[in-house]
Visitor: 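Got a structure for you, questions after.
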There are 2 protein chains.
Amino acid sequence: MGPAALNAIASPRRREILRLVWNQEQTAGAIHRAMPDVTFGAVSLQLRTLVEAGLVEARTAQRNRFYRARREALGPVAEILERMWDDALWKLKLAAELEETRRGPKPRRRKKKPGL
Amino acid sequence: MGPAALNAIASPRRREILRLVWNQEQTAGAIHRAMPDVTFGAVSLQLRTLVEAGLVEARTAQRNRFYRARREALGPVAEILERMWDDALWKLKLAAELEETRRGPKPRRRKKKPGL
DNA sequence: GATGTAATTTAGTTTAAACTAAATTATATG
DNA sequence: CATATAATTTAGTTTAAACTAAATTACATC
């Protein structure tokens, strides 16, 4: 548990990802599909932060990249997170939070590719 | 350990404060004097964050306000922090970090008070 | 080697945290 | 009540994190 790990679990988004890969590995694509309010790129960057903090590890297979939590790296904090996720009150709080912030990525006009 | 607590301990600055009030209470002034690279106002705001996260509590006496860590609120994380602070390697790392970032608040021209 | 799929990386933007200076609140003391 | 001390709060700025769109890499399949 270095400071990078403390920083990593401070972000709700990264905790969301951590939760998805907690009990079984998931591909980057599956993780992204589970959180449709952000782009694939954003998910990939957060995965990188988690890997660099040592909280998640990756395995490459063909065209996929499988991620899974390194629960042992969290030590006693693993239990804290599990309690947070299990707690019913918590679930309500999270639902309210998500309701507020999750309205999907704002649609932007796609830049026209300049023909050569 | 709510998410506010996880967020609170993610900040190096707040961990620095937490460390100062870990074993005995300190006045806001003493805390500020121990970190001369930021203003008193900045310290006060971080103290507020820590109190709101439930990690620190305050007691008022005369003109002073004494702060101390609520170690019990951190549960198993208390040990993690203590280990971080005790570890010699850690001390070196922190010293290097501080060397980089701590050069005191940038001096700014004081705005002249308009005479009425 | 063109096409398609999975994911990462880059460069730039937006959002939120941390900070500053100054104003303000509260309490004590002459 | 004026002055001084201790701390907080406010309003605005700076810095850093999170995000986006588009480009790029990597590996299959035709």
Side-chain angles (χ1 to χ4, degrees), chain A residues 4 6-17 21 25-33 35-53 56 58-67 97 100-114 116, chain B residues 4 6-17 21 25-33 35-53 56 58-67 97 100-114 116:
Chain A
L6 288 182
N7 176 61
I9 57 173
S11 151
R13 180 71 72 191
R14 283 189 296 265
R15 285 199 300 270
E16 196 181 353
I17 292 176
V21 300
E25 61 180 10
Q26 300 284 348
T27 65
I31 294 165
H32 173 228
R33 282 189 292 281
M35 30 207 318
D37 57 323
V38 278
T39 62
F40 202 155
V43 171
S44 185
L45 289 169
Q46 296 289 27
L47 280 167
R48 181 159 74 176
T49 300
L50 283 165
V51 168
E52 279 168 4
V56 158
R59 158 178 93 82
T60 306
Q62 290 91 42
R63 274 182 295 201
N64 296 314
R65 207 159 161 72
F66 289 86
Y67 287 90
E97 274 179 39
E100 261 185 51
T101 59
R102 173 179 292 179
R103 330 175 210 273
K106 92 184 70 160
R108 267 204 221 174
R109 184 153 52 264
R110 176 176 281 252
K111 194 190 283 178
K112 205 183 289 177
K113 199 190 283 180
L116 47 129
Chain B
L6 289 181
N7 176 62
I9 57 174
S11 151
R13 180 72 70 191
R14 284 189 296 265
R15 285 200 300 271
E16 196 181 354
I17 293 176
V21 300
E25 61 179 11
Q26 301 284 349
T27 64
I31 295 164
H32 173 229
R33 283 189 292 279
M35 31 206 319
D37 57 322
V38 278
T39 61
F40 202 156
V43 171
S44 185
L45 289 169
Q46 295 289 28
L47 280 167
R48 182 159 74 177
T49 300
L50 283 165
V51 168
E52 280 168 3
V56 159
R59 158 179 93 82
T60 306
Q62 290 91 42
R63 273 183 295 203
N64 296 316
R65 208 160 159 72
F66 289 86
Y67 287 91
E97 275 179 39
E100 260 184 52
T101 59
R102 173 179 291 180
R103 325 176 215 273
K106 92 183 70 158
R108 268 205 221 175
R109 186 155 50 263
R110 176 176 282 252
K111 193 190 286 180
K112 204 184 291 177
K113 199 190 286 180
L116 46 128

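The chains referred to below are lettered A, B, ... by the order of the sequence lines, with proteins before strands, and numbering in each begins at 1.
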Visitor: Is the distance from OP1 or OP2 of dC19(C) to the nearest side-chain N or O of Thr39(B) less than 4.0 Å?
Guide: no

Visitor: Go through the steps to decide whether Arg15(B) and Leu6(A) satisfy the test side-chain contact (heavy atoms from CB on, under 4.5 Å), and finish with yes or no.
Guide: CA-CA 11 Å; Arg15(B) 285 200 300 271; Leu6(A) 288 182; 3.8 Å; yes

Visitor: Once you build an axis from the first five pairs and another from the last five of the helix from dG1(C)-dC30(D) to dG30(C)-dC1(D), how far apart in angle are they, to 10 degrees?
Guide: 10°

Visitor: Between atom CD in Glu25(A) and atom C1' in dA6(C), what is the gap in whole Å?
Guide: 15 Å

Visitor: Would one find a side-chain N or O of Gln46(A) under 4.0 angstrom from OP1 or OP2 of dC19(D)?
Guide: yes

Visitor: His32(B) vs Leu47(B), test: side-chain contact (heavy atoms from CB on, under 4.5 Å). Steps then yes/no.
Guide: CA-CA 10 Å; His32(B) 173 229; Leu47(B) 280 167; over 6 Å; no

Visitor: Could you pull out the closest heavy-atom pair between Pro36(A) and Arg33(A), with the gap in Å?
Guide: CD-O, 3.9 Å

Visitor: Anything under 3.5 Å between a protein N or O and an N or O of nucleotides 6-11 of chain D, put it in a table, one pair a line.
Guide:
from: dA6(D); atom 1: O3'; to: Arg63(B); atom 2: O; distance (Å): 3.3
from: dA6(D); atom 1: O3'; to: Asn64(B); atom 2: OD1; distance (Å): 3.0
from: dA7(D); atom 1: OP1; to: Ala28(B); atom 2: N; distance (Å): 3.3
from: dA7(D); atom 1: OP1; to: Arg65(B); atom 2: N; distance (Å): 3.3
from: dA7(D); atom 1: OP2; to: Gly29(B); atom 2: N; distance (Å): 2.7
from: dT8(D); atom 1: OP1; to: Arg65(B); atom 2: NE; distance (Å): 3.4
from: dT8(D); atom 1: OP1; to: Tyr67(B); atom 2: OH; distance (Å): 2.2
from: dT8(D); atom 1: OP2; to: Ser44(B); atom 2: OG; distance (Å): 2.8
from: dT8(D); atom 1: O5'; to: Ser44(B); atom 2: OG; distance (Å): 3.2
from: dT9(D); atom 1: OP2; to: Arg48(B); atom 2: NH1; distance (Å): 3.1

Visitor: Rounded to the nearest 0.5 Å, what separates atom CD in Glu16(B) from atom CD1 in Ile31(B)?
Guide: 11.0 Å

Visitor: Expressed in angstrom and rounded to an integer, what is the separation of Arg59(A) atom CZ from dC27(D) atom P?
Guide: 15 Å

Visitor: To the nearest Å, give me how far apart CG (Asn7(B)) and P (dA17(C)) are.
Guide: 7 Å

Visitor: Considering non-hydrogen atoms only, spot the tightest contact between Phe66(A) and Glu25(A) and give its length.
Guide: CB-OE1, 3.6 Å

Visitor: Are Arg13(B) and dA17(C) close enough that a side-chain N or O sits under 4.0 Å from OP1 or OP2?
Guide: no

Visitor: Has Arg65(A) got a side-chain atom pairing as donor or acceptor with Thr27(A)'s backbone, closer than 3.5 angstrom?
Guide: no

Visitor: Determine whether Asn7(A) and Arg14(A) make a side-chain contact, defined as any pair of heavy atoms from C-beta on separated by less than 4.5 Å.
Guide: yes

Visitor: What nucleotide among dA18(C), dA28(D), dA28(C) has an atom nearest to a side-chain atom of Gln62(B)?
Guide: dA28(C)

Visitor: Side chains of Gln46(A) and Val56(A): closer than 4.5 Å at any heavy-atom pair?
Guide: no

